[in-house]
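Worksheet: one structure, shown below.
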Amino acid sequence: MTVWPDPVELHGAFVSVVPLSQDHHDDLCDATEDGELSKLWYTSVPDRAGMRAEIERRRNLATMLPFAIIDTASGRAVGMTTYMNIDAATKRVEIGSTWYRKSVQRTPLNTECKLLLLQHAFEELDCVCVELRTHYVNVQSRRAIERLGAKLDGVLRSHMRMPNGTLRDTAVYSIIASEWGMVKANLAFKLANMAR
């Protein structure tokens, strides 16, 4: 069976996106405690006790290619992201299950991470579409996705059950191949201005 896409390392000025492994465990445990991310009820960020299992879960899912997000300045893992809901026949992926330690949110690191993942998806994998999803009540995440240039496809109501038992309404966004040039130019412009 051919696996698509192949694991890859992506490197930028501020961030590297590398295949997730247990070598990232300790850094990721520290990262989840910055901002107490595991206590947010509307997302699923593992705490220290659950980190090892979450790394293995992501690595073992056939429809997920997981990455650690490495801060170039410190060399430490500051979060996780994935290509998920992979559809090799149609050449679609979702960039999802993403979280960053609080201190790097809304920094050039986050913008460059998305730029690298989107560029790889559209220019190397020849994707026709990249999806991004988030909990409808996660306004910060929804605004960040919209700043990328993604368009809201709709809301999947009562889409999935959260760890606390509530039902999540999922906001589904996408960028299609014909929009990539504009999105890429916009992200490069934002990154250049953030880096000043």
Side-chain angles (χ1 to χ4, degrees), residues 5-21 23-24 26-28 30-35 37 43 45 55 58 64-86 91-134 138-152 171 173-196:
D6 291 322
V8 65
E9 291 190 9
L10 306 171
H11 300 281
F14 302 99
V15 67
S16 291
V17 182
V18 302
L20 180 66
S21 76
D23 292 342
H24 302 115
D26 293 348
D27 287 349
L28 291 170
D30 292 342
T32 194
E33 292 171 356
D34 179 6
L37 302 177
T43 189
V45 178
I55 291 170
R58 289 182 183 216
M64 183 178 277
L65 180 59
F67 300 99
I69 302 165
I70 309 296
D71 176 8
T72 301
S74 69
R76 298 188 69 197
V78 294
M80 290 192 223
T81 193
T82 69
Y83 285 144
M84 58 190 283
N85 294 321
I86 295 167
K91 291 205 169 182
R92 292 176 63 103
V93 297
E94 176 187 342
I95 296 173
S97 293
T98 303
W99 61 268
Y100 301 89
R101 68 182 306 139
K102 187 171 178 67
S103 59
V104 301
Q105 294 174 11
R106 295 186 173 216
T107 69
L109 185 148
N110 183 10
T111 304
E112 188 175 54
C113 180
K114 289 296 190 298
L115 176 60
L116 291 171
L117 288 167
L118 287 165
Q119 184 170 325
H120 184 70
F122 286 115
E123 297 179 13
E124 301 301 322
L125 302 178
D126 199 28
C127 285
V128 298
C129 180
V130 175
E131 278 188 16
L132 301 108
R133 297 181 177 202
T134 192
N138 189 347
V139 176
Q140 179 179 334
S141 181
R142 287 175 47 212
R143 296 301 164 255
I145 292 169
E146 290 165 4
R147 282 193 302 272
L148 294 173
K151 304 249 185 341
L152 179 65
Y173 293 84
S174 68
I175 300 166
I176 59 174
S178 63
E179 298 167 338
W180 169 235
M182 176 197 62
V183 170
K184 181 179 181 179
N186 183 48
L187 287 175
F189 178 79
K190 286 178 184 293
L191 190 59
N193 283 298
M194 293 172 84
R196 287 184 186 166

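- Residues Leu132 and Ala150 come closest through the heavy atom pair CD1-CB, 4.1 Å.
- Nearest heavy-atom pair across Ala68 and Ala77 is CB-CB, 4.5 Å.
- His24 contributes atom NE2, which lies 10.0 Å from atom CE of Met80 (distance to the nearest 0.5 angstrom).
- Tested against Arg92, the residues Leu125, Ile176, Val128 include a single side chain to side chain contact (heavy atoms under 4.5 Å, CB included) partner, Val128.
- When all heavy atoms of Arg147 and Asn186 are compared, the closest pair comes out as O-ND2, 3.5 Å.
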*asked:* Using the rule given for side chain to side chain contact (heavy atoms under 4.5 Å, CB included), can you reason through Lys114 versus Thr98, listing the C-alpha separation, both sets of side-chain angles and the distance that settles it, and then say yes or no?
replied: CA-CA 10 Å; Lys114 289 296 190 298; Thr98 303; 3.8 Å; yes
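- Atoms CG and CG, from Leu191 and Leu109 in turn, are 10.0 Å apart once rounded to the nearest 0.5 Å.
- Here CE of Met84 is found 12.0 Å from CG of Leu65. Values are rounded to the nearest 0.5 Å.
- In this structure, Arg76 contributes its side chain and Asp30 its backbone to no donor-acceptor pair below 3.5 Å.
- Looking at Asp71 and Arg101, no side-chain N of the basic residue comes within less than 4.0 Å of a carboxylate O on the acidic one, giving no salt bridge.
- Among residues two or more places apart in sequence or in another chain, the side chain to side chain contact (heavy atoms under 4.5 Å, CB included) test is passed with Ser141 by Thr134, Asn138, Ile145.
- Within the model, atoms CD1 of Ile175 and CG of Leu118 stand 4.5 Å from one another, a figure rounded to the nearest 0.5 Å.
- Residues Pro5 and Glu124 fail the side-chain proximity criterion, which asks for heavy atoms closer than 4.5 Å.
- Heavy atoms only, all atoms of each residue included: Glu9 and Pro19 are closest at CG-CD, 3.7 Å.
- Between the side chain of Asp34 and the backbone N or O of Ser103, at least one donor-acceptor pair lies under 3.5 Å.
- Taking CD from Gln105 and CD from Gln140, the interatomic distance works out to 5.0 Å, rounded to the nearest 0.5 Å.
- Each of Asn110, Val78, Leu28 was evaluated against Ile69; a single residue qualifies, Val78, per the side chain to side chain contact (heavy atoms under 4.5 Å, CB included) test.
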*asked:* Could you walk me through whether His120 and Val93 satisfy the side chain to side chain contact (heavy atoms under 4.5 Å, CB included) test, starting with their C-alpha distance in whole Å, then the side-chain angles of each, then the deciding distance to 0.1 Å, before giving a yes or no?
replied: CA-CA 11 Å; His120 184 70; Val93 297; over 6 Å; no
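- Nearest approach of Cys113 to Val17, heavy atoms of both residues: SG-CG2, 3.8 Å.
- Closest approach of Val130 and Ala121 over heavy atoms only: CG2-CB, 3.7 Å.
- Separating the OG1 atom in Thr32 from the CG atom in Asp27 is a distance of 12.5 Å, to the nearest 0.5 Å.
- Under the rule for a salt bridge (Lys or Arg N to Asp or Glu O under 4.0 Å), Lys91 has no partner lying at least two apart in sequence or in another chain.
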*Start with the C-alpha gap between Glu112 and Met194, add the side-chain angles, then the distance that decides, and say whether side chain to side chain contact (heavy atoms under 4.5 Å, CB included) holds.*
CA-CA 10 Å; Glu112 188 175 54; Met194 293 172 84; over 6 Å; no
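- Scanning for side chain to side chain donor-acceptor pair (under 3.5 Å) contacts around Arg133 gives Glu131, with sequence neighbours left out.
- Sorted by first then second residue, the ring-ring contact (aromatic ring centres under 6.0 Å, His included) pairs that include residues 65-84, not counting sequence neighbours, are Phe67-Tyr83.
- Every residue two or more places apart in sequence or in another chain that forms a side chain to side chain contact (heavy atoms under 4.5 Å, CB included) with Thr72 is listed here: Ser16.
- The ring-ring contact (aromatic ring centres under 6.0 Å, His included) test applied to Phe122 returns Trp180, not counting sequence neighbours.
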